[in-house]
Amino acid sequence: MAKVKANTRSDDFFKSVWEVVRLIPYGRVTSYGAIAKCLGTGASARTVGWAMNASHHSPESIPAHRVVNRLGMLTGKHHFKEPDAMQRALEKEGINVVDDKVVEFDRLFWDPSKEIQI
DNA sequence: ATGCTGACGTCGC
DNA sequence: CGCGACGCCAGCA
C-alpha cells in the first residue's frame, strides 16, 4: 500500500521525456542525451530511447522522428511504423536527411535545457 | 525472481 | 588514433 513511491518516479521519467519531445519546435531536432541530461540523468540516455518506444503506447502524439542520436543519425527509424516514416517526416519539415543522417544537425539541434530552464 | 536486451553516451585502454 | 566496456532505466523471457 505504501509502496507507490517507486511507481510514481518511473512514470514521471517517461512523462517528462514525452513532454520535452513535444516541446521540440517545427523543423528542429534533438538528441537522446540532451533530453536525458535535461531531466538530470545524463547517463540514462538509453532510457530516453526506451521512452520513445513507449510513446507508441502513449495516447499523446510524440514526434519521435525529431529525436536522433548525438551523431544526428536516425537510429530509431527502424522502430517506426515504416522505416521511411522518420526520414520522410524530417524532410517534410525541411530537414534534409542523407545516408540516415541529419544534414546541418549541429545547426538544427535544439537544446531542451536551454528552453525549459528547470 | 533473475537476467538480458535495447532507438545512447562517456570514459578508458 | 581505434575499439571496447560500462552505466543508466524499463520491459520482457
Side-chain angles (χ1 to χ4, degrees):
Chain A
M1 295 272 190
K3 288 191 164 183
V4 193
K5 186 170 63 175
N7 203 351
T8 307
R9 198 162 89 97
S10 58
D11 196 44
D12 184 58
F13 188 84
F14 272 53
K15 195 173 175 183
S16 299
V17 174
W18 299 335
E19 190 172 350
V20 174
V21 175
R22 281 197 318 168
L23 290 172
I24 301 174
Y26 184 90
R28 292 280 182 181
V29 292
T30 189
S31 63
Y32 303 95
I35 298 169
K37 195 168 277 189
C38 182
L39 297 175
T41 48
S44 52
R46 277 182 148 193
T47 315
V48 176
W50 214 238
M52 298 285 101
N53 200 353
S55 70
H56 283 278
H57 185 68
S58 175
E60 302 288 333
S61 297
I62 311 299
H65 62 270
R66 290 180 188 157
V67 184
V68 294
N69 68 352
R70 205 178 159 318
L71 303 174
M73 191 180 282
L74 282 59
T75 47
K77 69 170 189 174
H78 208 57
H79 281 256
F80 276 74
K81 188 177 181 183
E82 287 187 40
D84 293 339
M86 191 172 187
Q87 182 172 339
R88 219 156 144 190
L90 291 170
E91 290 182 330
K92 191 175 181 180
E93 296 187 359
I95 301 172
N96 294 324
V97 180
V98 179
D99 194 23
D100 297 341
K101 288 178 292 188
V102 177
V103 182
E104 301 282 305
F105 172 71
D106 186 54
R107 202 167 72 165
L108 297 171
F109 182 76
W110 178 78
D111 194 340
S113 62
K114 194 173 183 178
E115 289 287 325
I116 294 172
Q117 296 181 355
I118 293 180

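Letters A, B, ... mirror the listed sequences (proteins, then strands); counts begin at 1.
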* Whole-angstrom distance between C:dC3 and B:dA7, as gauged at atom C1' -> 22 Å
* Around A:His78, counting heavy atoms of other residues, nucleotides and ligands shown, do more than 12 lie under 6.0 Å from its NE2? -> no
* To do: Salt-bridge test for A:Arg88 and A:Glu82: reply yes if a basic N is under 4.0 Å from a carboxylate O, no otherwise.
  => no
* Ignoring hydrogens and geometry, is there a side-chain-to-backbone donor-acceptor pair from A:Arg66 to A:Ile24 under 3.5 Å? -> yes
* Do any N or O atoms from the side chain of A:Asp99 and from the backbone of A:Lys101 form a donor-acceptor pair under 3.5 angstrom? -> no
* Asked: Reading nucleotides 2-9 of chain B from the 5' end, what letters show protein touch, with B for base, S for backbone sugar-phosphate only, - for no heavy atom under 4.0 Å?
  -> ----BBBS
* Between C:dA5 and B:dT5, how far is it from one C1' atom to the other, in whole Å? -> 16 Å
* Pairwise distance CH2(A:Trp18) to CD(A:Glu60) - rounded to 0.5 angstrom -> 9.0 Å
